[in-house]
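Quick one: the structure is below, and I'll ask about it shortly.
Quick caveat: nothing in here was measured; it's all calculated off a predicted structure.
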Amino acid sequence: MTNILTVQNIAKTYNMRDGIVYALNDVSFAIKKGDFVSITGPSGSGKTTLLLALSGLIRPTSGQIIFEGKHLENASDKELAGFRKKHVGFVMQNFSLIPYMTAIQNVMVPLSLNGHVSAEQQVLSSAVLELVGLENRKNHFPRELSAGQQQRVAIARALVNKPSIIFADEPTGNLDPALSTEIMEFLQKINKELNITIMMVTHSPQAANYGNVKIMLEDGKLNN
Amino acid sequence: MNLLKLVWLELGQRKTQLISGILAITLGIGVIVAIRSISVVSEKAVAINLDNLGANIMVLPQGASVDNYYAADIDAPTFPEEYVERIVTSELKGVDNLSPKLTRRIDINGQKLVLTGILPKNELASKPIWQNSGLFGAELNAACGPSPSNESLGYKDEKLQRKSIDSLGISDCLIGSNAASRLKVKEGDKITVAGTELKIGKVLGETGTIDDDRIFAHLHTVQSILEIKDQVSAIEIMGCCNAISDGLLGKLRNILPDTKITTIGQIVSTQIKTNKLMNQISLIILIIIVFVGGISIGNYMWANVNERKREIGILRMIGYPKSSIYYILMLKAAIMGLIGGIIGYMAGVLIAWFLGPYIAGINIAPIPILLLWSVIISVFISLVGSVLPAWFAARFEPYSNMQEV
């Protein structure tokens with residue numbers, strides 16, 4: 001199976017008062033299409049920095065990130081925005097929903113970016129909300145939904161543009177164990193059934209066990 | 001979902017902030033609309049009053065005294081009647097009507113009165129106060145507009161002019177109220193002036209001027225009575241106030257170099273000064289609202305952008321480019337400006353409607369063109385005030401919504 005994402009010797013440094021700090025240091029690996037990757041490590045080990053770099057939200061200081069044959073490390077802001085719009089879905093610990101939009105409006109936002117007209121947005125968003133079991137809650141605002149339901153809206157938003165890869169940052173961090181299991185099983189389901197690659201940062205060993213590829217970071221370096 | 005809907009949803013979410021953000025601009029626009037409404041209507045009212053006084057420019061011979069505007073032509077030297085043609089053929093802008101006159105003091109039955117020869121067609125237009133006497137039964141519109149766009153309205157009924165000529169025959173006369181009283185005559189009576197018998201067509205209403213002691217007859221009849229053929233002692237001109245301020249008098253002097261040309265200077269200059277003052281106040285307020293409104297909107301946008309940092313981060317994360325974030329915020333600013341302009345206009349109209357009768361003694365009607373200007377100014381200020389916050393917001397990192405790295 002071909003690599004969807006190849007990381008070669010990437011480093012991310014920050015200039016601090018007491019010298020240069022390495023958030024990532026000479027990290028290399030390759031991910032195949034359809035992998036479910038869990039990234040673990042202690043706090044400050046560089047997990048989230050790695051996720052940001054791979055998803056085009058920040059640029060590495062050095063090294064290469066190659067997504068489906070295209071280099072991301074030197075891409076412009078506009079190119080990175082285009083990459084995220086077309087290929088990437090995000091699921092965040094804090095759900096990252098826009099509070100004054102209903103569930104369906106939140107899901108429609110990425111569709112509007114990709115040029116879908118309003119009627120198409122309605123149909124596609126309703127379908128994906130049905131997929132995550134929220135068809136009856138589509139006109140509810142985030143504040144009217146439980147934490148688990150909000151995270152499912154976020155997953156629906158991540159799925160609606162049929163992305164190649166979903167980046168998840170502590171997706172169960174704000175959920176109780178029962179809801180955590182529900183969300184993880186759902187992520188596993190879309191990974192297997194829709195063949196969408198998932199890269200998930202987590203502190204939870206239980207959540208990390210859902211991944212078929214495990215990456216452990218310590219002090220910005222790979223530990224496995 | 002589209003950018004406009006996204007902006008609209010966000011505006012609806014923060015109504016209180018929206019109101020406080022556009023408050024300064026709304027109040028500023030309201031005040032300026034109120035001042036402009038009152039000043040424009042006031043200028044029109046002054047122009048109408050000026051017309052009701054009669055002609056506002058008088059052409060006199062060089063030797064004439066101008067101590068008393070209304071009596072300046074009495075016993076003045078004469079000049080050729082042909083000067084009227086010179087003015088007419090020059091096609092000067094702002095000359096609404098001409099009234100050549102020949103005036104002399106006369107003695108009738110021991111009463112010292114003033115005999116004035118007029119060409120009634122023109123005299124009608126330059127003495128609209130007579131219109132209200134019931135003689136001609138119609139009212140003139142204001143000839144002086146407050147701005148170049150307000151051109152002379154002229155007569156509502158052009159037939160009025162012919163009617164006036166028909167009504168004052170070669171042997172007819174009009175007589176001032178005081179003169180009629182002193183001669184003890186009424187309409188239909190006949191009076192004899194230097195051997196010429198004239199029939200009184202109408203006793204004029206009281207004006208409070210020297211006109212009350214005048215007997216008006218046809219110019220050519222008076223020229224014959226006084227044996228001053230083809231000569232006049234004055235030409236009254238109804239000149240547009242704006243044309244006067246634009247140098248109409250100088251142009252008239254060029255055409256008639258051997259004459260003395262005067263105006264109801266104080267009235268005209270007072271009006272011009274008032275107009276200038278109102279315009280200056282409007283300009284000062286405009287400058288103030290540009291600064292205060294711009295700062296107010298800018299301040300609101302800064303606060304809004306910082307408050308929405310996480311939300312902007314979400315949009316950037318999903319794939320919105322910097323330009324779209326900039327566009328979203330500028331679109332929001334334009335909508336705020338539009339709302340501020342419309343509400344400001346409505347507030348200004350209401351203020352003018354309430355205060356107009358107290359400040360200017362007139363009722364103020366809305367001036368629709370001010371709505372367009374209100375919106376243009378308000379949107380412009382709002383956009384200018386939002387440029388920096390929008391630029392700043394567009395540079396938010398797309399991970400602003402996430403936990404600290």
Is it the case that over 12 heavy atoms from other parts of the model lie below 6.0 angstrom from the NZ atom of Lys221(A)? no
Let's go through Met1(B) and Leu111(A) carefully: what are the C-alpha distance in whole Å and the side-chain angles of both, what is the deciding distance for side-chain contact (heavy atoms from CB on, under 4.5 Å) to 0.1 Å, and is it a yes or a no? CA-CA 8 Å; Met1(B) 186 61 55; Leu111(A) 289 171; over 6 Å; no
In this structure, CE of Met101(A) is separated from NZ of Lys5(B) (nearest 0.5 Å) by 9.0 Å
Identify which of Leu97(A), Asn161(A), Asn114(A) forms the greatest number of heavy-atom pairs closer than 4.5 Å to chain B. Leu97(A)
Using side-chain heavy atoms (C-beta onward) and a distance below 4.5 Å, is Val88(A) in contact with Met317(B)? no
Just checking Asp26(A): does its CG atom have more than 12 heavy atoms from other residues, nucleotides or ligands closer to it than 6.0 angstrom? yes
Does Tyr326(B) have more than 12 heavy atoms from other residues, nucleotides or ligands lying within 6.0 Å of its OH? yes
Contacting region of Gln105(A) [heavy-atom separation from chain B under 4.5 Å]: both
One option among Ala158(A), Pro99(A), Ser112(A) has the most heavy-atom pairs under 4.5 Å with chain B, and it is Ser112(A)
So does Arg316(B) get a backbone contact from the side chain of Arg84(A), meaning a donor-acceptor N/O pair under 3.5 Å? yes
Report the C-alpha separation of Ile314(B) and Arg157(A) in whole Å, then their side-chain angles, then the decisive distance to 0.1 Å, and conclude whether the side-chain contact (heavy atoms from CB on, under 4.5 Å) test is met. CA-CA 12 Å; Ile314(B) 293 169; Arg157(A) 186 182 62 190; 3.6 Å; yes
Quick one, Leu113(A) with Tyr320(B), criterion side-chain contact (heavy atoms from CB on, under 4.5 Å). Give me CA distance, side-chain angles, the key distance, then yes/no. CA-CA 7 Å; Leu113(A) 262 179; Tyr320(B) 275 83; 3.6 Å; yes
Is the count of non-hydrogen atoms from other residues, nucleotides or ligands lying under 6.0 Å from Trp302(B) atom CH2 greater than 12? yes
Mark yes when over 12 heavy atoms from residues, nucleotides or ligands other than Phe380(B) sit less than 6.0 Å from its CZ; otherwise mark no. no
Interchain contact, Leu6(B) with chain A, by part (heavy-atom threshold 4.5 Å): both
Go through Lys47(A), His116(A), Met108(A), Gln122(A) and name the one with the most non-hydrogen pairs under 4.5 angstrom from chain B. Met108(A)
Nearest 0.5 angstrom please: Ile98(A) CD1 to Leu9(B) CG, how far? 9.5 Å
Which residues pass the ring-ring contact (aromatic ring centres under 6.0 Å, His included) test with Tyr22(A), not counting sequence neighbours? none
